[in-house]
Structure formats: C-alpha cells, structure tokens
A.B. asks: 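First, the structure itself, so that you have it in front of you.
Since the structure is predicted, the reported quantities are computational estimates derived from the model, not experimental observations. We name chains A, B, ... by the order of the sequence lines, and we start the count at 1 in each one.
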Amino acid sequence: AQSVSQHNHHVILSEAASLELGCNYSYGGTVNLFWYVQYPGQHLQLLLKYFSGDPLVKGIKGFEAEFIKSKFSFNLRKPSVQWSDTAEYFCAVIRFSGGYNKLIFGAGTRLAVHP
Amino acid sequence: SAVISQKPSRDICQRGTSLTIQCQVDSQVTMMFWYRQQPGQSLTLIATANQGSEATYESGFVIDKFPISRPNLTFSTLTVSNMSPEDSSIYLCSVPTPRGSNYGYTFGSGTRLTVV
C-alpha cells in the first residue's frame with residue numbers, strides 16, 4: 001500500500017533562507033503526490049501536485065517540488081522563505097484501497113520562519 | 001474546485017455525549033472523506049462515505065463510534081459518539097475535485113472539538 005514519510009518534523013529558518021522539506025513515498029505503481037499547507041488557524045490549502053509529465057512541479061507562492069522516481073521522493077523547495085511561510089506542510093499520496101482512491105498524509109513538517 | 005461548508009466550526013462538549021458534524025458541498029460528488037487531526041498531528045482518514053452504501057472505515061475506526069450518514073450527493077454527517085477527552089481533535093471532510101488539470105481534493109474548514 002502507498003504510504004508517505006516526512007522526516008523533518010520541525011524546521012526553523014531565517015527569512016531569505018532556502019527551504020527543502022523531504023517527502024518519501026512507498027512504491028505502489030502509479031503515484032499521485034501532493035503538498036498541502038496549513039497556516040496557523042486556517043484550513044488546508046493545496047500548494048502543488050504531481051500526476052505525470054514534467055517531474056519539476058511549480059505551485060503557488062513560489063514553491064516547487066521535484067518528483068524523483070529513483071529515490072521515491074517528492075521534496076518541496078522554495079529558494080527564499082518569508083515570515084509568512086510559517087505553517088505546517090503536509091505531503092500526501094493517493095492510495096487505492098477498498099475500491100476507492102484515498103488521500104493519505106504524511107506526519108507533517110512544522111516550519112517556523114524568523115524575521 | 002468544490003466549495004465545502006462544514007459546521008459547527010468548533011464546539012466544547014461534555015464527555016459521554018455525542019456531536020454531529022455536517023458537511024455540505026456545492027456540487028454533487030460521489031465520495032466524501034472524513035479525517036481527524038489530533039493536536040499537533042497529521043490528518044488521519046476515518047472513513048469514506050459513498051452515497052447509497054455503507055461508509056468504509058479505516059483500521060482503528062468503527063461505525064459505532066463514528067456513524068456516518070450520506071443521504072445525497074451533496075451532504076454528509078459524521079457523529080462522534082460517547083465522547084471522551086481523547087476525541088478532542090479537528091474533524092474535516094474532503095471531496096475529490098473532478099479529473100482534469102484541477103484534480104485534487106478540497107477540504108472543509110474543519111470542526112474543532114474539545115471534550116471536557
């Protein structure tokens with residue numbers, strides 16, 4: 001079954017630093033991958049997704065992620081973070097189970113950006 | 001993308017009581033998903049609600065504790081029954097958006113439940 005692992009639970013950066021959050025998935029054939037963000041007190045928002053095609057996916061707010069099949073990874077990157085990027089970031093994968101496609105989340109990474 | 005209205009947005013409940021959470025979608029969807037987000041943790045899928053059939057529960061979740069209704073293609077409820085403080089969480093519903101360039105999942109704003 002598809003599952004997803006996020007190894008960085010807490011990340012602290014200064015503004016303008018570069019960001020890379022790790023996400024690894026378990027093998028299971030075709031993969032559909034997502035990154036969601038949850039700002040403090042707000043609901044989940046989709047940052048970007050990968051289904052097929054160009055493995056470098058660009059999302060909103062300057063985020064991008066690269067699908068590397070050989071490494072089973074889908075890491076999230078941003079070249080220069082801002083204080084407003086302080087949030088929790090979730091990697092997710094679609095798992096086909098019980099006759100349905102289900103969205104399964106990683107444990108999340110809490111990012112704190114200091115001015 | 002679909003728009004989901006979820007209510008209540010928050011509630012404080014006494015242990016032993018039950019709370020029913022509602023999700024209304026602005027378009028017809030075959031499947032709706034219910035998640036739980038415990039404090040400081042990720043989202044865990046509780047069950048999949050398919051209109052016209054029994055909900056399918058994930059491991060660790062049972063119908064007696066989390067009964068789900070799905071009376072039509074735009075509405076679903078999740079009940080948290082016989083609550084205990086361990087049920088204090090954010091509960092969210094989610095629907096898949098249609099296939100195509102916009103394919104993904106949309107989430108409700110969540111119900112923050114505190115059991116005292």
Side-chain angles (χ1 to χ4, degrees), chain A residues 1-10 21 23 25 30-54 57-60 65 74 87-112, chain B residues 1-7 9-10 21 23 29-61 68 70 89-112:
Chain A
Q2 291 276 20
S3 65
V4 58
S5 300
Q6 292 179 248
H7 305 295
N8 313 105
H9 297 297
H10 290 94
L21 302 182
C23 173
Y25 64 93
T30 302
V31 287
N32 301 137
L33 295 153
F34 302 79
W35 275 98
Y36 281 86
V37 61
Q38 188 173 35
Y39 297 102
Q42 297 187 27
H43 58 87
L44 282 170
Q45 298 176 40
L46 179 66
L47 274 179
L48 47 80
K49 61 192 176 190
Y50 172 78
F51 278 57
S52 63
D54 189 344
V57 181
K58 294 193 183 298
I60 61 171
F74 189 57
E88 188 146 19
Y89 293 82
F90 296 96
C91 185
V93 64
I94 289 178
R95 186 183 78 197
F96 186 78
S97 170
Y100 307 114
N101 281 332
K102 304 172 184 178
L103 192 61
I104 306 301
F105 286 84
T109 298
R110 193 176 297 271
L111 171 66
Chain B
S1 298
V3 176
I4 302 175
S5 299
Q6 184 173 341
K7 58 181 181 180
S9 58
R10 58 179 64 230
I21 302 166
C23 266
V29 290
T30 305
M31 287 180 291
M32 292 178 74
F33 301 92
W34 287 98
Y35 287 85
R36 179 176 73 182
Q37 186 177 22
Q38 293 177 299
Q41 298 191 30
S42 184
L43 285 81
T44 302
L45 182 62
I46 298 172
T48 302
N50 195 6
Q51 198 272 334
S53 63
E54 292 278 333
T56 305
Y57 289 82
E58 298 297 308
S59 176
F61 297 96
I68 287 171
R70 187 76 206 277
S89 295
I90 298 173
Y91 293 85
L92 303 103
C93 60
S94 174
V95 299
T97 52
R99 283 281 177 184
S101 62
N102 226 15
Y103 181 66
Y105 293 80
T106 301
F107 286 82
S109 54
T111 297
R112 184 179 295 271

A.B. asks: Do you know which two heavy atoms are closest between B:Gln6 and B:Cys23, and how far apart they sit?
C.D. replies: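 Answer, listing the atom of B:Gln6 first, then B:Cys23: CG-SG, 3.6 Å.
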A.B. asks: Against chain A, work out which of B:Thr48, B:Thr44, B:Thr106, B:Leu92 has the most heavy-atom pairs shorter than 4.5 Å and name it.
C.D. replies: B:Thr48
A.B. asks: What pair of heavy atoms forms the shortest contact from B:Phe33 to A:Asn101, and how long is it?
C.D. replies: CZ-O, 3.2 Å
A.B. asks: With only heavy atoms counted, which part of B:Leu45 is less than 4.5 Å from chain A, the side chain, the backbone, both or neither?
C.D. replies: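 Side chain only.
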A.B. asks: What pair of heavy atoms forms the shortest contact from B:Ile4 to B:Ser94, and how long is it?
C.D. replies: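 Smallest heavy-atom distance, with atoms named: CD1-CA, 4.2 Å.
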A.B. asks: Looking only at heavy atoms and a cut-off of under 4.5 Å, which of B:Arg112, B:Gln37, B:Gln41 has the most pairs with chain A?
C.D. replies: B:Gln37
A.B. asks: For B:Ser109, is it the side chain, the backbone, both, or neither that has a heavy atom closer than 4.5 Å to a heavy atom of chain A?
C.D. replies: both
A.B. asks: Shortest non-hydrogen contact from B:Phe107 to A:Leu103?
C.D. replies: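 Answer, listing the atom of B:Phe107 first, then A:Leu103: CZ-CD2, 4.0 Å.
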A.B. asks: Over 60° means perpendicular and under 30° means parallel, so tell me whether A:Tyr50 and A:Phe74 are parallel, tilted or perpendicular.
C.D. replies: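 Plane angle between 30° and 60°, so tilted.
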A.B. asks: Measure A:Gln38 against the heavy atoms of chain B and call it side chain, backbone, both or neither at under 4.5 Å.
C.D. replies: side chain
